[in-house]
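See below for the structure under consideration.
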2 protein chains.
Amino acid sequence: MKQLQVLRKIAPEIGELVERRHTVLQNVLFVQPIGRRALAAKLGWPERMVRKEIDFLRESGLLICDASGMEVSPAGVVILEELKEIIREFHGLTDLERELAQRLGLKRVLVVPGDSDADETVKKEIARATAEFLHSELRSGDILAVTGGTTLAEVARSLPTAQGEKDITVVPARGGLGENVELQANTVAAAIAQRLGATYRLLHVPDDLGEEAMSTIAMEPKIKELIDLIRSARIVLHGIGTAEEMARRRGLPQEYVEILAREHAVGEAFGYYFNRDGRIVFATSSVGMRLEDLADVELVVAVGGGKSKAEAALAVLSTGHQDIYITDEGAAREMLQRLDKRAGRGTR
Amino acid sequence: MKQLQVLRKIAPEIGELVERRHTVLQNVLFVQPIGRRALAAKLGWPERMVRKEIDFLRESGLLICDASGMEVSPAGVVILEELKEIIREFHGLTDLERELAQRLGLKRVLVVPGDSDADETVKKEIARATAEFLHSELRSGDILAVTGGTTLAEVARSLPTAQGEKDITVVPARGGLGENVELQANTVAAAIAQRLGATYRLLHVPDDLGEEAMSTIAMEPKIKELIDLIRSARIVLHGIGTAEEMARRRGLPQEYVEILAREHAVGEAFGYYFNRDGRIVFATSSVGMRLEDLADVELVVAVGGGKSKAEAALAVLSTGHQDIYITDEGAAREMLQRLDKRAGRGTR
DNA sequence: ATAGCCGGGACATTATCCATCCCGTGGCCT
DNA sequence: AGGCCACGGGATGGATAATGTCCCGGCTAT
């Protein structure tokens with residue numbers, strides 16, 4: 001703990017060094033087997049630099065090369081695991097977590113090193129951290145409501161495959177959202193349930209229905225029962241997206257996109273679009289968990305990383321409904337910076 | 001602890017780096033203020049290397065430069081202190097201590113990093129460690145018997161200046177030994193006593209007396225009383241020297257030197273010369289603590305570092321009278337190596 | 001006053017690093 | 001089964017940084 005800080009004082013370059021090698025190792029692990037050139041392109045590093053690190057890691061036995069490319073050796077995987085805590089220390093993430101949690105009024109914030117925008121393996125790490133957290137929180141009898149999105153889909157893949165000794169039900173937080181099918185809440189819920197050995201219930205509701213049709217459907221006994229089940233969830237796990245990207249991904253009609261622009265929507269979470277003050281400025285017509293229902297949920301976990309999502313996350317989290325926020329360093333630092341800027345303007 | 005080992009696996013060069021800077025800092029602290037060139041000469045490093053580290057340390061605020069040379073800043077002193085444990089970890093000294101203690105049948109071995117032969121500050125560190133250990137072991141009412149030697153003289157200088165709240169008596173283990181006065185046991189005893197705020201009794205006996213004259217003197221009531229006091233010591237702290245060097249330092253007559261050579265004397269401790277099996281092959285004629293008296297002493301502490309003293313230390317320690325041995329890494333590793341070699345030959 | 005050592009700067013030389021290309025090979029697709 | 005593509009590893013010339021060495025102005029101690 002303290003020793004690392006001392007080391008950094010006497011030899012600051014070790015930070016860079018360790019991090020470079022950690023990044024290489026992690027990225028190789030992520031898409032192994034991979035070639036040197038592809039890796040260089042992926043990292044945006046000069047090929048020679050990648051090569052140097054590769055050479056070192058290979059000679060250290062942390063990486064093995066065969067004809068098809070490079071892979072992380074078992075020893076490398078162990079090292080990678082052990083490095084995690086060190087990197088966290090280097091980045092001062094524990095302090096960052098504490099400060100962000102306090103400023104956002106959350107129970108806890110989890111921050112993984114890196115920035116999803118710059119390094120896609122970071123997203124995997126977020127998912128991994130989320131999966132780990134989820135796994136430790138889930139109890140028998142729980143109802144878990146989840147949303148869709150790339151991050152959540154990744155969370156499912158990061159969960160350990162367990163036999164269903166716990167009696168858990170996984171449901172989508174809201175109905176189908178017109179996205180790519182493997183990113184839909186239904187799909188994610190099913191995937192998570194499968195990993196957990198849990199049961200799941202799906203909510204198949206078209207997304208582009210009018211308000212009346214929607215309420216009609218919601219009256220349907222079987223649907224209604226399911227909606228009630230969703231609203232009784234003990235844990236809600238949802239992603240956070242930027243308004244812009246989500247609108248694009250859902251193929252939102254032009255008229256609605258204009259509304260979003262006019263109202264300065266920046267963040268999105270399970271179908272609601274928020275402006276930077278956390279006010280709902282638009283909502284997709286769907287059924288299931290509503291924003292106000294979150295107040296009755298015991299544990300609301302939000303996930304989302306990447307510097308570009310910082311403003312979105314601030315918007316969503318300022319609704320005050322979340323308990324836990326899992327993100328990456330890029331988003332976390334950007335959020336703090338924006339909060340500082342606002343505070344500065346506020347007191348001026 | 002474990003983190004350091006992980007770091008070394010992923011970035012072995014940090015060991016070198018940290019150690020270089022630590023060495024510079026420690027050496028500067030030792031003879032500050034000192035100039036760049038003098039330091040380079042002292043360390044035997046290229047001037048440019050010293051300069052690079054100096055530049056770094058200065059910019060980090062660990063070192064300050066004025067016209068008269070460089071000094072370690074207060075922050076540097078703190079870092080230096082914190083680095084000690086890290087360096088110990090790097091060198092695996094804890095394991096080294098354990099193994100050596102077991103092989104030598106000692107209660108405990110203390111090893112400081114480095115080699116006194118190559119770096120004179122290491123001797124200071126041995127002295128420092130000895131002083132610290134001594135300070136923690138001394139109790140009220142103790143009688144402490146010490147020998148002479150450069151290391152022991154340094155121990156005195158490393159002791160904290162304390163007011164004499166403890167009732168301690170410091171005595172020389174044996175009579176005057178014809179050495180340089182500030183290295184004599186009497187002088188060392190006085191110096192240690194002064195630092196501890198203790199009382200001391202000195203034993204002024206010429207060194208070159210015949211055996212008969214010596215016994216006559218030993219019969220003298222006041223002398224006898226003092227000798228008895230010495231033999232009742234609870235703690236004995238003695239240095240270890242190579243036979244060759246001690247003979248030279250004491251100006252031993254040629255005839256005796258020949259005896260030492262013929263008998264393969266390698267080690268020396270308070271006037272006794274030992275061959276590598278720990279057998280006494282020669283003894284200076286003096287009075288005070290005899291080898292066999294050590295059996296009745298509660299705590300016998302031997303001190304001595306430097307690779308060149310490894311064989312001497314092995315000889316002295318194989319008498320089995322010592323409880324604690326304080327040394328440096330250079331001597332410790334050399335001793336282990338020699339032990340291994342002997343064991344190898346033994347089983348062959 | 002002066003001689004010696006101090007830090008800092010300058011500079012040519014050397015070693016290292018880096019981008020880029022090429023080659024033999026193995027797997028994969030056709 | 002054969003050709004193609006991407007892989008790792010090696011080689012090379014040019015850029016870049018590190019290095020050894022010297023000198024200078026200033027301060028200190030004598």
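In what follows, chains are A, B, ... by sequence order, proteins preceding strands, each numbered from 1.
The residues B:Arg88 and B:Glu97 are annotated as salt-bridged, a charged nitrogen and a carboxylate oxygen being separated by less than 4.0 angstrom.
A heavy atom closer than 4.0 Å to some atom of DNA chain D occurs in no member of residues 11-26 of chain B.
Note: B:Asp328 CG to B:Asp115 CG = 5.0 Å, rounded to the nearest 0.5 Å. Interatomic distance, CD of B:Glu120 versus CG of B:Leu43, reported as 10.0 Å (0.5 Å rounding). Atoms OG1 and NZ, on A:Thr151 and A:Lys123 in that order, are 4.0 Å from each other to the nearest 0.5 Å.
Other residues, nucleotides and ligands contribute more than 12 heavy atoms inside 6.0 Å of the CD atom of B:Glu71. Applying the 6.0 Å contact sphere to NZ of A:Lys124 captures more than 12 heavy atoms from other residues, nucleotides or ligands. Residue A:Glu132 qualifies as open at atom CD: its count of foreign heavy atoms under 6.0 Å is 12 or below.
Going from atom CG of B:Leu39 over to atom C1' of C:dG7 covers 13 Å, rounded to whole Å. To the nearest angstrom, P of D:dG10 lies 8 Å from CG of A:Asp55. Distance, B:Arg58 CZ to C:dC6 P: 15 Å, rounded to whole Å. In this structure, CD of B:Glu71 is placed 14 Å from C1' of C:dG7, rounded to the nearest angstrom.
At least one donor-acceptor pair closer than 3.5 Å links the side chain of B:Glu329 to the backbone N or O of B:Gly114.
Counting non-hydrogen atoms under 4.0 angstrom, B:Ile34 reaches the backbone sugars and phosphates but no base.
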Where do N or O atoms of nucleotides 19-26 of chain D meet protein N or O atoms at under 3.5 Å, pair by pair?
from: D:dT19; atom 1: OP2; to: B:Lys52; atom 2: NZ; distance (Å): 3.2
from: D:dG20; atom 1: N7; to: B:Arg48; atom 2: NH1; distance (Å): 3.4
from: D:dG20; atom 1: O6; to: B:Arg48; atom 2: NH1; distance (Å): 2.6
from: D:dC23; atom 1: N4; to: B:Arg37; atom 2: NH1; distance (Å): 3.3

